[in-house]
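Just so it is clear: chains get the letters A, B, ... in the order the sequence lines come, proteins before strands, and each one is counted from 1. Heavy-atom basis, side chains included; hydrogens, waters and symmetry copies ignored.
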2 protein chains.
Amino acid sequence: MNQLVALTEAERDALAELEKRERHHRRGAVIQRANEPGNDLFILRAGMMMSYVLLDNGSRQILRFHFPGDMVGMPGILYSEAPETLCVLSDCVICPFDRSALAELIEIHPRLAALILVVSQIERVALTDRLAMLGRVSAKSRVGALLLELRDRMRATDKSVTDSFTLGLTQEEIGDATGLTSVHVNRMLRQLEEEGLIERDNGRVTIRNDAALARAANYVNRYEGLDLGWLPDAR
Amino acid sequence: MNQLVALTEAERDALAELEKRERHHRRGAVIQRANEPGNDLFILRAGMMMSYVLLDNGSRQILRFHFPGDMVGMPGILYSEAPETLCVLSDCVICPFDRSALAELIEIHPRLAALILVVSQIERVALTDRLAMLGRVSAKSRVGALLLELRDRMRATDKSVTDSFTLGLTQEEIGDATGLTSVHVNRMLRQLEEEGLIERDNGRVTIRNDAALARAANYVNRYEGLDLGWLPDAR
DNA sequence: CGCCAGATTGAGGTCAGTCAACTACAGTGG
DNA sequence: CCACTGTAGTTGACTGACCTCAATCTGGCG
């Protein structure tokens, strides 16, 4: 959130307080399971996570990928049973805190409360973008848009990422995020490569034609173009 | 929000303040257009609205239906250009207010700030449910789940709605919400009817087998099962 | 070396889309 | 009162994007 707005010292301290404890997890670890109580929130400090749901028909839908700086687990604190599963994709450091700490933060720091609301709305817009993709966009464009989104979100925390990055996902995971089968993801990646839009080398992807990919998939980076002049004053 | 928690007098007054002005609109009216500035928020007091996006390929994805009591237009105030279009489905009354009024509310009433965050997270979960539907569920179940969702949301404001209600949507709109064509929506409605799960009569739908529909589509009413004991104290 | 998860490729099937015709009905104007 | 118009719903024939199943290939690792 310090990328969105210049924080005051008191605000920085309050956020640091949430990250007092930290835990380390390996790829595959399940942090929170759907349909079980989930009263904790987490700040993801390093690594990559995802949230997903399993349906009765046996399939999985990945809802969202999480990157360093994200607050994860919010949907879980509303309900007596968490609506989604939280799972570690690459070895990561997470800082758990109780939901009462969130309540306290909102009470003491109205501008941070507003910023949390803003972040949750950015996430909402990113989710509706994905909704439109799944409903109305071809398989090839969906895969392309996912690559762009991952690239942009990695770049947000690691400036060294330009157009080339390590996916860190299996093709099955890409499929579960885009509503496709791993077999079809494979074919779409191949086609994108044949058309010169991307290059691949052993799990590493290079975006070759950013503009064409973005156009085909209606992709917009939702962490840009923000207008936050209306936020309440810091305390 | 007064359905989620018993509000104090000061809180009720603050919310009433947002509804000071009111406007009336007819079906079809566009309240906010995507890619144009949208600095206002709205409380929907009566009627039904929807938000959607239009893609380059000419198709439309309906993102969300809005019902009385909803705060609409939040995604628009974050960005210099609104990410989605807001449109009236049935003649409605909306109360516009400036985003600075939201900032003020957050500053003065921390518990209302938390409640707004809660409502936006409920919406997030409803969106991820729909994401899973579009990605992983058959056409027939998607249509069934949409009917259940509309029924539950109408019932939330109008207790007289039990299992029978007037849709107020064209089959094309149902298709744009579920990622289908109107032709296929028609066939799926027919099938649901033939299987005895629903009945139809001139735009009026009766749910005949609630449980079977919910099971097939993994439908959960996200306005139930909440746990809000952790909210900050009212001021 | 053998094992295993993940990636790749082919053949064939199916669900949902496209195109097109037709019906039903409300609104409009003469 | 009725012809005309436009929107929404219905139905059939055909097509195609994506899925399923199955075989093969690859690289990492004990």
A.B. asks: Please state how far atom CG in A:Leu134 lies from atom P in D:dC18, giving the value in whole angstrom units.
C.D. replies: 12 Å
A.B. asks: Can you give the first and last nucleotides of DNA chain C, 5' to 3', that have an atom under 4.0 Å from a heavy atom of chain B?
C.D. replies: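 Here the contact window of chain B covers C:dA16 to C:dC19.
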A.B. asks: Rounded to whole Å, how long is the line connecting atom NE2 of B:His184 with atom P of D:dA13?
C.D. replies: 17 Å
A.B. asks: Flag the pair B:Arg60 and B:Glu172 as a salt bridge only when some basic side-chain nitrogen lies within less than 4.0 angstrom of an acidic carboxylate oxygen.
C.D. replies: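 No, B:Arg60 and B:Glu172 are not salt-bridged.
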A.B. asks: Restricting both atoms to N or O, compile the protein contacts to nucleotides 5-9 of chain D shorter than 3.5 Å, with distance only.
C.D. replies:
unit_1 : atom_1 : unit_2   : atom_2 : d
D:dG9  : OP2    : B:Gln171 : N      : 2.9

A.B. asks: Can you give me the bend angle of the helix from C:dC1-D:dG30 to C:dG30-D:dC1? Use the axis through the first five pairs and the one through the last five, nearest 10 degrees.
C.D. replies: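 Taking the rotation axis at each end, their angle is 30°.
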A.B. asks: Summarise how protein sits on nucleotides 25-30 of chain D as a single string, 5' to 3': B when a protein heavy atom is under 4.0 Å from the base, S for sugar-phosphate-only contact, - for no contact.
C.D. replies: ------
A.B. asks: Identify whether the distance between the nearest side-chain nitrogen and carboxylate oxygen of B:Asp163 and B:Arg151 falls below 4.0 Å.
C.D. replies: yes
A.B. asks: To the nearest Å, give me how far apart NZ (A:Lys140) and C1' (D:dA17) are.
C.D. replies: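 Distance, rounded to whole Å: 12 Å.
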A.B. asks: Sequence neighbours left out, what pairs pass salt bridge (charged side-chain N to carboxylate O under 4.0 Å, His left out) with at least one residue falling in residues 118-127 of chain A?
C.D. replies: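 Residue pairs with at least one partner in residues 118-127 of chain A: A:Arg64-A:Glu123, A:Glu123-B:Arg124, A:Arg124-B:Glu84, A:Arg124-B:Glu123.
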A.B. asks: side-chain hydrogen bond (donor to acceptor under 3.5 Å, both in side chains): which pairs involve residues 69-81 of chain B, sequence neighbours left out?
C.D. replies: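 Non-adjacent pairs meeting side-chain hydrogen bond (donor to acceptor under 3.5 Å, both in side chains): B:Asp70-B:Arg153.
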A.B. asks: State plainly whether the residues A:Glu173 and A:Arg27 are in salt-bridge range, i.e. N to O under 4.0 Å.
C.D. replies: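 Answer for the salt bridge query: yes.
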A.B. asks: Can you tell if the side chain of A:Ile207 reaches within under 4.5 Å of the side chain of A:Leu213, non-hydrogen atoms only?
C.D. replies: yes
A.B. asks: Could you tell me whether A:Asp56 and B:Arg215 have a side-chain N and a carboxylate O separated by less than 4.0 Å?
C.D. replies: no
A.B. asks: Between A:Arg155 and A:Asp152, is there a side-chain N and carboxylate O pair less than 4.0 Å apart?
C.D. replies: yes
A.B. asks: Hey, which sits more toward the 5' end of DNA chain D by its nearest nucleotide, B:Arg136 or B:Arg187?
C.D. replies: B:Arg187
A.B. asks: What contact category does A:Ser138 fall into here, base, sugar-phosphate, or nothing, at under 4.0 angstrom with non-hydrogen atoms?
C.D. replies: sugar-phosphate
A.B. asks: Rounded to whole Å, how long is the line connecting atom CD of A:Gln191 with atom C1' of D:dA17?
C.D. replies: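 After rounding, the gap between these two atoms is 11 Å.
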